[in-house]
*Asks:* 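Once you've had a glance at the structure underneath, I'll fire off some questions.
Every chain is numbered from 1 and lettered A, B, ... according to where its sequence line falls, protein lines coming before strand lines. Just so you know, these numbers come straight off a predicted model, no measurement behind them.
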Amino acid sequence: MTAALSVHNRFFNSNTPENLSRKQLRISEKNHNPGFEINARSSKSTHLRKKQARGSKVAVETKAQNFNHTRALQELVGSGSMDRALYLFEKMNCVDTFLWNVMIRGFVDNGLLREAINFYHRMVCEGFRADYFTYPFVIKACTGLLSLVDGEKVHAKLVKCGLDLDVYVCNSVIVMYMKLECVECAERVFDEMLVRDLVSWNSMIGGYCRVGDGLSSLIFFKEMQKYGMKHDRFSLISGLGASSTVGCLKCGKEIHCQVIRSGLEMDFMVQTSLLDMYGKCGKVDYAERVFNRIFPRSIIAWNAMIGGYVLNARFLESFSCLKKMKEVDKLNPDHITMINLLPSCTQLGALLGGKSIHGYAIRKGFLPHLVLETALIDMYGVCGELKKAEQIFEIITGKNLVSWNAMIAAYVQNGQNKDAMKLFLDLWSKPLIPDAITFATLLPAYAEIATLSEGMQIHALITKLGLVSNTFISNSVVYMYTKCGDLQTARIIFGGILCKDVVSWNVIIMAHAIHGLGKFSIQLFSEMRNKGIKPNGSTFLSLLSSCSISGLVDEGWNYFNSMRKEYGIDPGIEHYGCMIDLLGRTRNLDLAKRFIEEMPLVPTARIWGSLLTASRKNNDIVSAEFAARHVLSLTHDNTGSYVLLSNMYAEAGRWEDVERIKGIMVKEGLEKTTSYSSFEKNGKTHWFINQDRTHSENYMIYNVLDILLRKIGEDIYIHNVSKFNPSSLLKKMAKSPEHHSVRLAISFGLISTTIGNPVLVRNNTRICEDCHNAVKKISKITKRELIVRDPKVFHHFRNGCCSCGDYW
DNA sequence: CAGGAATGTG
């Protein structure tokens, strides 16, 4: 007669039943029954009253009927017919806590989580006491909804009822907090438990695993044995997961031994975890051994095996594994198979493979699927199909941070730095908070195009979000400041990195390289070795670049030769590239050519490009043609090579050849890159193109520039007429460099800054010979440091000299 | 009545 009680309590009893104990509840139930008919208000009660009026015989029947109803209700719930269960529930007249629990559990089991919570509220409202059977279900519903708000309310309620003493209830609360990433709350609940069972421990181990704290997971895994808990399959599975996140093969192997000792070797979930662990710890052969013992092999085991191959860069094997899966076990790939295989396509550059996976996913109805779509963005991004990546990103509903990060990465990988920055600002307006990966992805874009003030803003943001202690991020910040021209700040931040890794050192060595401070690079390199940091290939790339940029020829050769001898590092193609630059500086073109011939690697476009630069510096048109031919056979759209060659022809007065190159470029659809220079003033960037007259301070800029040019004797039109030299005049007229963008920007920079301060100008193309000469002289007569950033390096012009040693 | 294996971004 509980329904009656509920009605009664609702209207006449302020002492709500949830404040009473189970025993008290039963007593009050009895006591209030007699008054039932008078107090009845609801239609349910009226219905009951009519039934009861038919006499005691009917009452007995009702009891039996209720018993049948209960069984029917359980069956309906079990089969997932929640609507019919609800109908029956509403019809039943003797509802009690047990039946409410059956309903709530049914909702949870059938994924109707919100309904489960609503039903719990209704249950409490109608005066039923939620018991220690109710709460695990309700908490599970909150967990599934990822609703911390609901969860905390329910938790508070159950503490009030004293149900926080129940092990089952507490275990479910732990799982909830862990899944909602409130690790500290879970820890507190765990700590305050008077009795902990196996599930309590397993929930902690599994919870830490889930939030990525493999170390704590392993600590709890070891700790629980001290409390007399024996690991079961759940503990072992979580322990294996923790070993893979930490990447601790030793831990994994130990747990493998425990698996064998516990006789769980043939447990298929444990097997899958083992296989996964070995794959993630880099032991594919062990994984294969485990895999071969699994029978029957589920799609999950196959997926784990495929994932293992992909993770260990054995891409082709991942595809043959897929083939075997289809042929041997007649299993169809699912969405996780696709997610696993997409990185294989990405790494192999197999766009066609990636597209067919996309097609398969569409045909099979796997889409929309957030993770799969993100993997597709990555694949299309790396394969250069930016439009496709954008399309997928557009249609994703419920984008999470990973999706945003993937799209930002796609832009950066394709050199669309501006779009990456724009997308980041877009993300900033969303309720998502960028993380370390966002910045690690984004910072290279900032390094390429951000102004110093933009760079400082992003740095402030990183600091605000507490990501400065992340070495990966700090390294990128150092590089960004370097590329923004602020080597001073780059140094300070480098000095502040607490855990400097090899990348930190490589970055700071490279920073000094691109600012033409080779001696400092060398000093930093020896400092690094003294600190016991082992240099890698990239270290030498930074070091050799520095030697080449600063013209430290002997040092460069010494380091190059020491690479293999002292450090056991085989020089890569990039290292050879640096050496060719170095040889180019010595003006020994024949040696450079022989070096290319004799090197054990196939020359790339960059190698031939270095020879082309060297040929230009030597004014050796034949070598330049030779180098350019090679560059263009490898990259058809290398505009720079055409322009360089064309300029050489022009200087030699070979106008037919200039026209010929022009013709080829037109035929190939190539346009000469428009050179522009920029100068940042008060956070605003001012742009200039050659002969630009659009700037608001145009008059002043040209006046100042003309004075400067006259002072340095480059105003050939006015002063050099007497020493008329037709070929030199022709040369200058062809390019009219006296109003090149870089000079305009420097002129504007000089009038926009205080005397004594350096002027920093950015160029999108390499500075021409004439301007380089002119800027050197301007630095001398103005007594200012003039800094020009080109696509590769910073030219520091000081007192008539440039840090690049006139070779760039 | 509670807990578990394979999945995307640097």
Side-chain angles (χ1 to χ4, degrees), chain A residues 98 101-102 104-105 108-109 131-140 143 166-176 178-179 197-207 209-210 232-241 244 267-277 279-280 294 297-308 310-311 334-343 346 366 369-379 381-382 396 399-410 412-413 434-444 470 472-473 475-476 503:
Chain A
F98 176 77
N101 288 349
V102 169
I104 292 172
R105 178 192 174 183
V108 175
D109 285 349
D131 62 7
Y132 44 79
F133 286 97
T134 320
Y135 280 107
F137 297 128
V138 180
I139 301 248
K140 197 176 175 180
T143 313
D166 187 85
V167 185
Y168 279 71
V169 172
C170 283
N171 288 345
S172 59
V173 173
I174 288 175
V175 172
M176 174 189 76
M178 277 299 197
K179 282 197 180 160
D197 67 358
L198 186 59
V199 176
S200 322
W201 283 94
N202 285 349
S203 303
M204 290 303 284
I205 299 172
C209 229
R210 176 184 298 277
D232 68 349
R233 53 199 297 264
F234 291 99
S235 340
L236 293 168
I237 287 165
S238 298
L240 287 168
S244 3
D267 181 297
F268 72 103
M269 278 193 188
V270 175
Q271 284 174 322
T272 315
S273 299
L274 274 169
L275 155 58
D276 182 54
M277 182 274 295
K280 287 192 174 132
I294 303 178
R297 286 170 300 212
S298 65
I299 181 84
I300 297 178
W302 281 101
N303 284 346
M305 194 63 236
I306 292 173
V310 176
L311 208 63
D334 67 358
H335 55 282
I336 297 198
T337 321
M338 308 286 96
I339 293 163
N340 271 331
L341 282 169
L342 276 169
T346 308
F366 293 158
H369 182 287
L370 186 58
V371 177
L372 183 52
E373 284 162 319
T374 308
L376 283 168
I377 290 177
D378 178 52
M379 186 274 295
V382 173
I396 296 183
K399 297 180 185 70
N400 62 10
L401 191 58
V402 182
S403 347
W404 284 86
N405 288 348
M407 192 62 224
I408 292 173
V412 177
Q413 280 151 1
D435 66 354
I437 295 184
T438 316
F439 292 107
T441 315
L442 186 67
L443 279 166
N470 182 321
F472 198 116
I473 304 282
N475 294 343
S476 300
V503 180

*Asks:* Indicate, with a heavy-atom threshold strictly under 4.0 Å, whether A:Val175 touches base, sugar-phosphate, or nothing.
*Replies:* sugar-phosphate

*Asks:* Describe the nucleic acid contact of A:Phe268 in one word from base, sugar-phosphate, nothing, applying a heavy-atom distance below 4.0 Å.
*Replies:* base

*Asks:* Using a 4.0 Å heavy-atom cut-off across all strands, classify A:Asp166 as base, sugar-phosphate, or nothing.
*Replies:* nothing

*Asks:* Using the heavy-atom set of chain A and a strict 4.0 Å cut-off, write down the first and last nucleotide of DNA chain B that makes it in, 5' to 3'.
*Replies:* B:dC1 to B:dG10

*Asks:* Pick base, sugar-phosphate or nothing for A:Asn101, based on heavy-atom distances below 4.0 Å to the nucleic acid.
*Replies:* nothing

*Asks:* If you measure only the distance, is there a donor-acceptor pair under 3.5 Å linking the side chains of A:Asn202 and A:Asn171?
*Replies:* no

*Asks:* Are the side chain of A:Asn340 and the backbone N or O of A:Ile306 linked by a donor-acceptor pair below 3.5 Å?
*Replies:* no

*Asks:* Look at all strands and tell whether A:Ser238 reaches a base, only sugar-phosphate, or nothing, counting heavy atoms closer than 4.0 Å.
*Replies:* nothing

*Asks:* Could you check whether the rings of A:His335 and A:His369 sit parallel, tilted or perpendicular, using 30° and 60° as the cut-offs?
*Replies:* tilted

*Asks:* Have a look at A:Asp378 and say if it touches a base, only the backbone sugar-phosphate, or nothing, with a 4.0 Å heavy-atom cut-off.
*Replies:* sugar-phosphate

*Asks:* Counting any heavy atom closer than 4.0 Å, what does A:Arg233 reach on the DNA or RNA strands: base, sugar-phosphate only, or nothing?
*Replies:* base

*Asks:* Looking across every strand, which nucleic acid part, if any, lies under 4.0 Å from A:Leu370 by heavy atom: base, sugar-phosphate, or nothing?
*Replies:* base

*Asks:* Contact class for A:Lys399 (heavy atom, under 4.0 Å): base, sugar-phosphate, or nothing?
*Replies:* nothing

*Asks:* Using a heavy-atom cut-off of under 4.0 Å over every strand shown, decide if A:Arg297 touches base, sugar-phosphate, or nothing.
*Replies:* nothing

*Asks:* Taking any heavy-atom pair under 4.0 Å as a contact, classify A:Asp197: base, sugar-phosphate, or nothing.
*Replies:* base

*Asks:* When you compare the side chains of A:Asn405 and A:Thr441, does any donor N or O come within less than 3.5 Å of an acceptor on the partner?
*Replies:* no

*Asks:* If I compare all heavy atoms of A:Pro434 with all of A:Phe439, which pair ends up nearest, and what's the gap?
*Replies:* CB-CE1, 3.9 Å

*Asks:* Taking all non-hydrogen atoms of both residues into account, name the closest pair between A:Ala436 and A:Ile473 and its distance.
*Replies:* O-CD1, 3.0 Å

*Asks:* Can you list the residues that meet the ring-ring contact (aromatic ring centres under 6.0 Å, His included) rule with A:Trp404, with sequence neighbours excluded?
*Replies:* A:Phe393

